[in-house]
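Reading through the structure tokens given below for one structure.
Since we're looking at a predicted model, the values are computed, not measured.
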Amino acid sequence: MASAHDIMQRMRERQAAREAAFEPLAEILGQRQELQRQLAALDEPYGQAFAKAEAGGWTSDELREIGAEEPAKRPKGRPRGKRTTAKKAAPETTSTGSSADSLTAPVPTQNGAAEHATPTV
């Protein structure tokens, strides 16, 4: 039968082998975290440069075709692209049915609140 000392020795050997196998991973993890930090530090200037290129006449499609990826974070300010602010007028209905009346009918109030409320139309 193995003594406690022998059992502890086998455990230490296995633990040492596990630690040795982990060392390269730990080193690469440290390098990877540093590179990710550096990449994150470039996000904002990259977004600004991308927006500046668009302002200079390049489209985002053209920039992507060249190899510039769309930035993860765009600079704050005016949104890119054109927005249309004109809204289409809602078509007026000329039908006089109960469905049209139900859309404009006042909403009933609860617990006698109608006595104190002023109608808003």
Side-chain angles (χ1 to χ4, degrees):
M1 184 181 278
S3 69
H5 176 71
D6 293 338
I7 293 171
M8 291 300 292
Q9 184 62 30
R10 285 193 303 235
M11 184 274 305
R12 287 185 185 107
E13 289 170 1
R14 287 187 182 176
Q15 188 64 24
R18 291 176 69 192
E19 286 180 24
F22 186 79
E23 285 176 10
L25 178 60
E27 186 174 322
I28 291 172
L29 279 172
Q31 293 172 357
R32 188 171 187 255
Q33 288 173 345
E34 174 59 22
L35 290 172
Q36 287 176 333
R37 184 197 62 75
Q38 290 176 9
L39 184 61
L42 291 175
D43 280 346
E44 185 177 346
Y46 181 78
Q48 291 171 348
F50 194 93
K52 191 173 183 178
E54 286 180 316
W58 291 92
T59 66
S60 58
D61 289 337
E62 291 171 326
L63 293 170
R64 277 194 303 273
E65 287 174 6
I66 294 170
E69 295 179 10
E70 186 103 15
K73 295 181 182 179
R74 289 192 163 267
K76 294 181 181 179
R78 293 189 346 190
R80 73 173 176 102
K82 298 175 184 172
R83 289 191 176 192
T84 57
T85 57
K87 293 183 180 179
K88 292 183 179 179
E92 293 185 26
T93 57
T94 56
S95 65
T96 56
S98 62
S99 64
D101 293 339
S102 67
L103 292 176
T104 58
V107 178
T109 58
Q110 296 179 352
N111 298 333
E115 299 167 3
H116 303 293
T118 57
T120 56
V121 178

Point to revise | Which atom of Gly57 lies closest to which atom of Glu62, heavy atoms considered | key: O-OE1, 4.0 Å

Revision key, fill the gap. Value for OG (Ser3) from CG (Asp6), rounded to nearest 0.5 Å, stands at 3.5 Å

**Study point:** Cluster check Trp58, Tyr46: I/L/V/M/F/W/Y, side chain < 4.5 angstrom
**Key:** yes

Review point. Can you list every salt bridge (charged side-chain N to carboxylate O under 4.0 Å, His left out) pair that touches residues 18-30, not counting sequence neighbours?
Key: none

Revision key, fill the gap. In this structure, CD1 of Ile7 is separated from CE of Met1 (nearest 0.5 Å) by 8.5 Å

Practice item. Indicate the atoms forming the closest heavy-atom contact of Pro71 with Gly47, along with that distance. Key: CB-CA, 3.7 Å

Review point. Among all residues two or more places apart in sequence or in another chain, which pass the salt bridge (charged side-chain N to carboxylate O under 4.0 Å, His left out) test with Arg37?
Key: Glu34

Check your understanding: Around atom CD of Glu69, are there more than 12 heavy atoms of other residues, nucleotides or ligands at under 6.0 Å?
Key -> no

Check your understanding: Taking ILVMFWY side chains as joined if any heavy atoms are under 4.5 angstrom apart, and letting links pass through other members, which residues group with Phe22?
Key -> Leu25, Leu29

Check your understanding: Quick one: CZ on Arg12 to CD on Gln9, what's the gap to the nearest 0.5 Å?
Key -> 6.5 Å

Review point. Is it the case that one hydrophobic cluster holds both Phe50 and Ile66, taking links as side-chain heavy atoms less than 4.5 Å apart, direct or via other members?
Key: yes

